[in-house]
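Presented below is the structure to which this report refers.
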2 protein chains.
Amino acid sequence: MLDKFLPYRLSFTTNLVSETVASAYEALFGLRIPEWRLIAVVAENPEGITQQAIGLKTRMDKVTVSRAAASLIDRHLLARQPHRADQRSHLLTLTPAGHELYRAIVPKALELEHRIFSRFSENEIAQFESMLRRIDEIVLDGAI
Amino acid sequence: MLDKFLPYRLSFTTNLVSETVASAYEALFGLRIPEWRLIAVVAENPEGITQQAIGLKTRMDKVTVSRAAASLIDRHLLARQPHRADQRSHLLTLTPAGHELYRAIVPKALELEHRIFSRFSENEIAQFESMLRRIDEIVLDGAI
DNA sequence: ATGATATAGTTTCATTTGCAACTAATAGCG
DNA sequence: CGCTATTAGTTGCAAATGAAACTATATCAT
């Protein structure tokens, strides 16, 4: 039963992968997963992005986002720009050091991904990703 | 970058699915995920199984297993049999109430799984599971 | 046998997590 | 405008997690 139960298998595999990835980021860059996610999202939104937008995109709790942001700002990897349109929030952007770190992480992340999926063809990888997204859709559509 | 990064996608999807499953188990049976896993594993090992064997199989921390077992024993869903071969451990078995609960959960779990994967063909489901297992192999083989 | 080392399981403690309450700013409605 | 309701983000608190220390039993080498 359990062994063939897909939510269990999914969780099992994800834990394995996440542990691997988390310890690599920690060892190489001193970043935890939420911190790395913020760096990546902010890097992809060079015009700046609010914490709540990050939360929406990644489904991370706003508390998690808040704490990751605070920690990165402390370390001068992230900066807050005033947000004209809504002064409750700020726009997060990367500092030069943040950019540099991002550029250093990306190739390592891709390399790691490549190793984890080393026995998959391009085609299989695409298919796997598409299946994950279909599951997301189903669950998010509330078809539960 | 992040959006296409497979360890991230995997974690994203798993979180969605796990939240769904966890709240269903909690609401329907008052069980947390580790507790449900113990019930299932013990049900599949009617001759009894030790906590450490459960930990090995499921990769749950021994503390998690210990606490889930204690809680289930408190609720008379699980019982400890003496373990002749090694008295540091016990063999966990289901009580009649535990069996009954197990028989009640299984169809609900399958139904939920069915809903989550409703847009997948049998074939796709098999393929998805096999991919997850291949990832497990790669990571567990230390090919990282 | 006897002492040294290892293992099963529990307990303790520190860390992580996320909900809920809070603060500050905004939006909507009279 | 001015009052109420809502939202962005932080802080406080309680629950969940896991590493490390601990207890009890087992194994192994002499």
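In the text below, chain A, chain B and the rest are named by the order of the sequence lines, each starting its count at 1.
- Between A/E26 atom CD and C/dT16 atom C1' there is a gap of 13 Å when expressed in whole angstrom units.
- Comparing A/R32 and A/H83, the nucleotide of DNA chain C nearest to each residue sits closer to the 5' end for A/R32.
- Put simply, the residue from B/L16, B/T14, B/N15 that forms a side-chain contact (heavy atoms from CB on, under 4.5 Å) with B/F12 is B/L16.
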Checklist line | Step-by-step side chain to side chain contact (heavy atoms under 4.5 Å, CB included) determination, A/V21 to A/I116 | finding: CA-CA 10 Å; A/V21 171; A/I116 296 174; 4.2 Å; yes
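- Within the 4.0 Å cut-off from OP1 or OP2 of D/dA26, not a single side-chain nitrogen or oxygen of B/R84 is found.
- Checked by atom type, the side-chain pair B/H76/B/T95 shows no donor-acceptor distance below 3.5 Å.
- Under 4.0 angstrom from either OP1 or OP2 of C/dT10 there lies at least one side-chain N or O belonging to B/Q51.
- Remark: B/K62, B/V63, B/S66, B/R67 in residues 60-69 of chain B come within less than 4.0 Å of DNA chain C through at least one heavy atom.
- Between the CG atom of B/L92 and the C1' atom of C/dT10 there is a distance of 14 Å, given to the nearest Å.
- Remark: A/E47 CD is packed, more than 12 non-hydrogen atoms of other residues, nucleotides or ligands lying under 6.0 Å away.
- Note that OG of A/S18 is 7.0 Å distant from CG of B/L10, once rounded to the nearest 0.5 Å.
- Here the P atom of nucleotide D/dA19 and the CD atom of A/E19 are 9 Å apart, to the nearest Å.
- The interatomic distance linking B/N15 (CG) with C/dT16 (P) rounds to 18 Å, in whole Å.
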Next item on the list: Take A/T50 and A/I54, measure what side chain to side chain contact (heavy atoms under 4.5 Å, CB included) needs, and give me the verdict at the end.
Entry: CA-CA 6 Å; A/T50 64; A/I54 296 175; over 6 Å; no
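- Rounded to whole Å, atom C1' of D/dT23 lies 15 Å from atom CD of B/Q87.
- In terms of polar N and O atoms assigned as donor or acceptor, the side chain of A/R88 never comes within less than 3.5 Å of the base of C/dT26 in a complementary pairing.
- Distance CD (A/Q52) to P (D/dG9): 6 Å, rounded to an integer number of Å.
- The aromatic ring centroids of B/F117 and B/F120 lie less than 6.0 Å from each other.
- Atom CZ in B/R37 sits about 16 Å away from atom P in D/dA16, given to the nearest Å.
- If you take NE2 of A/H90 and P of C/dT26, they are 11 Å apart, rounded to a whole angstrom.
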